[in-house]
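Just so we're on the same page: letters track the sequence lines, and every chain starts at 1.
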2 protein chains.
Amino acid sequence: MFTPLTYNDVNIINMARRERIPTGQRDSYHHGDLKRALTDAALGLVKEKGPKGFTLREVARRAGVSAAAPYRHFSDKTQLLAAAATLGFIQLHETLSAAAAESADVTEQVLGMGRAYVRWAVTHPDYYQVMFGSELDKGDNPELLTAGLRAFDDLLDAIVRCQAANLLPAGDPREIAGPTWSLLHGMASLTIGTDLSHVGISEDPQVMAERALRRLLFGGT
Amino acid sequence: MFTPLTYNDVNIINMARRERIPTGQRDSYHHGDLKRALTDAALGLVKEKGPKGFTLREVARRAGVSAAAPYRHFSDKTQLLAAAATLGFIQLHETLSAAAAESADVTEQVLGMGRAYVRWAVTHPDYYQVMFGSELDKGDNPELLTAGLRAFDDLLDAIVRCQAANLLPAGDPREIAGPTWSLLHGMASLTIGTDLSHVGISEDPQVMAERALRRLLFGGT
DNA sequence: ACCTGAACACCGTTCAAGT
DNA sequence: ACCTGAACACCGTTCAAGT
C-alpha cells in the first residue's frame, strides 16, 4: 500500500518460495545456483549457531565451495548476512499479513498482529538478531530495506483500517506506528535477550504485548 | 530498594568514579592496575569503532601490553566486553536517578526518566549496543547483572511512587515496568539502528517516548 | 604473581591462475 | 563466466618460559 513491489522484491520472493535443491545432488555449481546455495547454507548456520557464530568460510564449506567463491556473489560477509535478513523480513511479513487476515474485527487485527510479531520473533531468535542486531546497513542494501518496509506496511495498514473505523485518531498513521512497533520490538528483543526474565518478569510476551497494545492504542485497562 | 548493593557493586562503582590515570605515565604495569587500564582501553575502543570493531588484541595494544596479558584478568573476550557493559549500566543508572530527582511530581518523574533513557541511549549508541546487542550472558556475570538490575530499579521505584499516589493501579510494579521498559528500549534501539527513520519516522525520540508513555501508563491523549 | 613470545587454529579478503 | 589455491594480514586463545 505504501511501498509498491519492485522488480527486486519479486526476485527475492521467488527465491524464498522456490523449492530447496539438496546441495549433494549436484557435482558442480558451475551451472547451478551458487548464490542460492550460499543463502541457504547461511540460513542454516544462523539457525544453528546464531549470528555470532556465522562464518563466511563455514558457509562456503557447507555449500561445498572454496573460501573465495562467495565473493563472486556477495561483495562481503555483510551482504550475505543481509540476504539472510531479507528472507527473515519476508517471513515476518507473511506471518503478519496472515495474522491480520484471521479476524474481521479491525481492533482484533492489530492485536493479533502484535501477538504474531512477538511470537515470530521469539521462535526465530537467530533471524531476529540478524535482522535487527547486526548493524546491517539497510541504506546499503535496497532489497533488505524493501523487505523491511513491507513488513512495516502490514502494521501501517492495520492502523489505517482502525483510523477509518474511527477507533484510532486520524492523521499520519506513522505517528501511531512508531510507538507501536517500538513496543513490540522492545518486548521481542528483551525477551530474546532474557533481560525481562532476569528482572523478574516471566509473563508470556504474547499476552503482555496484547495488554500493552490495548492500553497504548485504545486506552484499554 | 529491590536489590541491595553487594561488595562487587561497590568495587565497580569505585572503579567508575576513580580518576583516569593516563596509561603512558607508567613504564610497567607490574605494580599498576592493568585490569582498569584494559577496561579503559576497551571503553575507548567501543566508543571509536563500535562493538563490532572491538578486538582483544587491539585493547591489549592500547594498554601497552602483550596479547596474552588480558587473560590474567578476564577469562575471555566476552568478559572484558561485559566489564564495559557494566560501566555502561552504572552510567545509565546515574542518568536515570538524576532525571527522577529533577521533579517533585511523580508523574513527571517517570516521564523524565523515559526521556533520559532514550536520550542516554542515542547519545551513547556504542555502549548501548554492548549492553543489549552483544548477546552477553548476563547470568554468567553477576556484576553485569547487578548493574543492570540497579538501572531497572530506578524505573521500578518511579512506578511504585506513582502507585502510592494512586496514579497507577496497585499490584506488582513489574507488570507495569515490563511494557514500559520494552517501549523505551524499543525506541532507543530502533532509533540507534536508524530503522525508524528508514520507515519515514523522523520525530525526536524523546518527545515520542514521552507521548507514548503518557498513553501507555496514564491513558493520556 | 604477573607478563612475554611463540605457536595453533582459525578468520575475511584478494588475486593470479585454472577450466 | 565462474571457481580454485595460495597468500596476506589479521583474530582469539593457550602455554611454556621469563622476571
Side-chain angles (χ1 to χ4, degrees), chain A residues 15 21 23-42 44-46 48-85 130 134-137 140-141, chain B residues 15 21 23-42 44-46 48-85 130 134-137 140-141:
Chain A
M15 203 160 98
I21 302 160
T23 56
Q25 289 186 7
R26 264 176 172 58
D27 34 352
S28 155
Y29 274 105
H30 282 261
H31 307 293
D33 193 347
L34 178 55
K35 184 163 186 175
R36 178 105 220 299
L38 288 171
T39 42
D40 272 2
L45 192 51
V46 163
E48 277 179 41
K49 320 218 175 181
K52 185 72 174 271
F54 180 89
T55 273
L56 204 47
R57 285 182 112 109
E58 174 68 17
V59 169
R61 239 173 266 131
R62 291 187 180 208
V65 102
S66 86
Y71 288 89
R72 290 293 131 188
H73 302 278
F74 300 96
S75 60
D76 59 10
K77 185 190 174 177
T78 313
Q79 293 301 314
L80 178 47
L81 229 23
V130 175
S134 315
E135 51 201 288
L136 295 176
D137 218 351
D140 200 46
N141 194 311
Chain B
M15 204 160 98
I21 302 159
T23 55
Q25 289 188 5
R26 265 175 172 57
D27 34 353
S28 155
Y29 273 105
H30 282 261
H31 308 291
D33 194 348
L34 179 54
K35 183 162 186 175
R36 178 107 218 299
L38 288 170
T39 41
D40 272 1
L45 191 51
V46 164
E48 278 179 41
K49 320 220 175 177
K52 185 75 174 267
F54 179 89
T55 273
L56 204 46
R57 283 182 112 109
E58 174 66 18
V59 169
R61 239 174 266 131
R62 292 187 178 207
V65 101
S66 85
Y71 288 89
R72 289 292 131 189
H73 301 280
F74 300 96
S75 60
D76 59 10
K77 186 189 174 177
T78 314
Q79 292 302 313
L80 178 49
L81 229 24
V130 175
S134 317
E135 50 200 290
L136 294 175
D137 217 351
D140 202 45
N141 193 309

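Heavy-atom minimum distance, A/Leu81 versus A/Val130: O-CG1, 3.7 Å. The minimum heavy-atom distance linking B/Leu34 with B/Ala63 is given by the pair CD1-CB, 4.3 Å. Nearest heavy atom pair, residue A/Pro70 against residue A/Leu38, reads CA-CD1, 3.8 Å. Between A/Ala85 and A/Leu136, the shortest heavy-atom distance links the atoms CB-CD1, 3.6 Å.
Ranking D/dT14, D/dT4, C/dT4 by closeness to the B/Tyr71 side chain, first place goes to D/dT14. The side chain of B/Ala68 lies closest to C/dT4, out of D/dC3, C/dT4, C/dG12. Here D/dC3 is the nucleotide among D/dC3, D/dT13, C/dT4 with the atom lying nearest to any side-chain atom of A/Val65.
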Nucleotide pairing, DNA chain C (Watson-Crick or G-U, distances under 3.5 Å), in dot-bracket with [ ] and |: ||.|||||...|||||.||

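Contacts between residues 52-61 of chain A and DNA chain D, counted as heavy-atom distances below 4.0 Å, involve A/Arg57. Residues from residues 72-82 of chain A lying near DNA chain C, meaning a heavy-atom separation below 4.0 Å, are A/Asp76, A/Lys77 in numerical order.
When the side chain to side chain donor-acceptor pair (under 3.5 Å) test is applied to A/Glu48, the partners found at least two apart in sequence or on another chain are A/Arg62. Every residue meeting the side-chain contact (heavy atoms from CB on, under 4.5 Å) condition with A/Ala68, not counting sequence neighbours, appears here in chain and number order: A/Ser66.
In this structure, the separation between CG on A/Asp33 and OG1 on A/Thr39 is 7.5 Å, given to the nearest 0.5 Å.
Residue pairs that meet the side chain to side chain donor-acceptor pair (under 3.5 Å) test with at least one member in residues 71-84 of chain B, sequence neighbours left out, are B/Gln79-B/Asp140, B/Gln79-B/Asn141.
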Could you list the donor-acceptor pairs under 3.5 angstrom formed between side-chain atoms of residues 49-57 of chain A and any protein atom two or more places apart in sequence or on another chain?
none

